[in-house]
Amino acid sequence: MSVLAEMLLAAVYAMLLQNLIFTGGYGTSEAIRMSAKPKQLYAMSFFIMLFSTSASVICVLFEQIGAVRKMGIIGHAVLFITVLSAVYLITLTVLVYSLKAKKRTIRRLGIAAFNTLVLAVPFINYRAGFSIPEAVGSGIGAGLAFALATFLINLGLQRLQKSDLPEMFKGTPAIFIYVAILSLGFAGIMGK
Amino acid sequence: MAEKSLSIREGVRNSALIKNPVLFEAIGIAPVVAMAVSVKTAIMLSVISTIEFVLIESFTCFFLKQLKRWFRVLVYAVLGVLINIPLFLFFNKFAPNETANVSIFLPLIAVNSMIALHCERIAVKNDYRHTLVDAVSASVGYVFIIFIVGTVREVLGSGTFYGNSLNLPVQLSGMVLPFGGFLLLGFIAAFAKKIIKKKYPEENPELAFNLSEIADKGIENIASFVLDEHNPFEDMFSSGELENNGNEPFVQPEEAPEEYRRAKKDKKEKVKKEKSPRIRKQRMSKEEEPLREQAEISAEKEEKRAPARESYVSEFDDILTELENVKKETKETSDGAEVIDEIDALSEKYSIGDSEPEADFDQSGEDGEEK
């Protein structure tokens with residue numbers, strides 16, 4: 001029961017309280033660009049969740065080894081990118097050979113795997129000293145945080161497009177300011 | 001071919017201003033908003049980004065053109081981390097405090113979306129000269145933004161410049177948070193757009209970020225829950241009542257704003273769809289309920305009426321016996337014969353005597369009481 005509670009707590013924390021996109025700025029480019037073309041939002045969020053969770057858990061398992069724990073930030077960076085690459089290749093193999101995935105999905109897979117959000121999750125776990133359930137929770141939370149952020153930005157974009165903005169603020173300037181307001185809101189939840 | 005003869009100057013103009021990847025394409029934002037909080041971190045970020053751009057794009061142009069795209073993406077990330085190692089060690093030696101502050105972000109630059117995008121757009125499709133021009137110009141554009149954001153955030157957020165206090169009366173500490181970075185990017189983008197419109201009116205930076213598919217479905221079903229406007233006039237329209245004190249004009253349904261009518265119609269359709277068979281069944285049982293209640297009430301009444309009915313019957317029997325006695329007494333007198341005849345006639349007329357009163361009550365049912 002406590003394992004489940006730890007996992008849920010970490011997921012809620014990563015998704016709502018410390019939304020990694022708004023309060024950390026991780027994966028913002030992907031979220032903004034995805035919100036402009038939200039057709040594959042669910043698939044993208046799922047893959048981000050998959051990569052962040054699996055990389056997060058494997059990296060925490062590696063942390064149990066004494067030699068790995070002693071490594072510095074660069075050593076950890078190499079470990080994390082190696083793990084992420086391995087997870088990416090395995091997922092790709094499964095998708096291509098077993099599930100006969102579409103080309104479009106495969107193209108998106110690279111973006112879902114190699115972005116600042118997915119790579120930040122193992123770093124956060126490493127710094128916070130998360131356990132395995134917490135690592136699972138933070139991985140799931142990262143995927144949900146991405147979906148939530150994309151959804152919120154998409155709602156804003158739809159309204160911004162219809163609204164009567166000054167010419168110079170139309171497009172990305174308005175998007176950035178809108179994201180800034182959302183980011184301020186999430187920072188307010190954390191009480192920073 | 002015209003594109004191939006792109007000069008560094010044109011490339012820089014395009015990347016730094018007209019097609020700035022951060023400002024107008026929303027690429028590579030994470031390091032800018034998360035890391036560029038001071039001039040020192042901006043320098044570190046700029047150096048790492050520039051070296052990574054040039055080296056990875058060059059490597060891609062020379063060696064990765066033949067590989068599949070899905071594998072190239074992996075190589076960019078691994079190369080980025082490998083290039084980061086000596087740079088990290090270098091900065092750690094000369095600026096250990098700043099490096100420690102941004103330690104988590106430095107490896108993240110390796111997966112900067114801008115690197116992958118430029119490699120895929122330019123490096124795999126063009127010769128080395130063109131790739132190099134793109135790498136340098138993209139770096140200049142990126143560095144330009146990083147420096148502006150880093151400097152402004154340090155001055156406003158920390159009240160310092162390159163670590164030296166400026167003794168400013170006001171300090172906006174929120175500027176060092178990501179929201180400050182986003183806000184600043186928004187205003188810089190707006191300012192850059194104004195300059196472009198003024199200096200290069202033929203250019204349109206908005207085209208760099210395609211917004212034509214934002215309402216492309218998939219997300220719409222969820223969005224409709226949030227985007228449905230509350231219609232404050234709906235209840236008034238449906239009930240036909242509107243409290244009007246005479247100061248405001250009465251708004252007729254047909255005169256109502258189009259959006260309210262549309263919202264009302266949408267809501268009605270939504271409600272109609274949501275009516276499940278279970279709800280319909282419940283509604284039907286609600287309609288049958290009054291009938292069932294009525295039947296129960298009548299049964300109760302019947303029960304209450306039963307003793308009263310018995311008393312009526314006994315009373316009626318008493319009257320009949322009394323009448324019989326009167327008949328016998330009058331028969332004994334001579335002038336009572338006419339009276340007896342009248343009584344018999346009346347008995348026949350109202351069916352008294354041989355008829356059974358209880359049967360009358362039974363057949364009458366509900367209306368029996370009234371009869």
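Per chain, numbering begins at 1; letters A, B, ... match sequence-line order.
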Region of [X] that comes under 4.5 Å of a non-hydrogen atom in chain B:
X	answer
A:I81	side chain
A:L117	neither
A:L84	neither
A:F80	neither
A:E30	side chain
A:S85	both
A:L92	side chain

Using a heavy-atom cutoff of under 4.5 Å, enumerate the residues of [range] that contact chain A, numbered in order, or state 'none'.
range	answer
residues 183-199 of chain B	B:L183, B:L185, B:G186, B:F187, B:A189, B:A190, B:F191, B:K193, B:K194, B:K197
residues 142-153 of chain B	none
residues 22-32 of chain B	B:V22, B:L23, B:F24, B:E25, B:A26, B:I27, B:G28, B:I29, B:A30

(request) Give the member of B:L106, B:L74, B:V73 that has the highest number of heavy-atom pairs under 4.5 Å with chain A. (result) B:L74
(request) Could you have a look at B:M114, B:R69, B:R72 and say which one has the most heavy-atom pairs with chain A under 4.5 angstrom? (result) B:R69
(request) Could you please state which residues from residues 119-132 of chain A sit under 4.5 angstrom from chain B, measuring non-hydrogen atom to non-hydrogen atom, sorted by number, or 'none'? (result) A:L119, A:A120, A:F123, A:I124, A:R127
(message) If I compare all heavy atoms of B:I115 with all of B:A110, which pair ends up nearest, and what's the gap?
(response) CD1-O, 4.3 Å
(request) Please indicate whether B:K40 has more than 12 foreign heavy atoms, meaning atoms of other residues, nucleotides or ligands, lying under 6.0 Å from its NZ. (result) yes
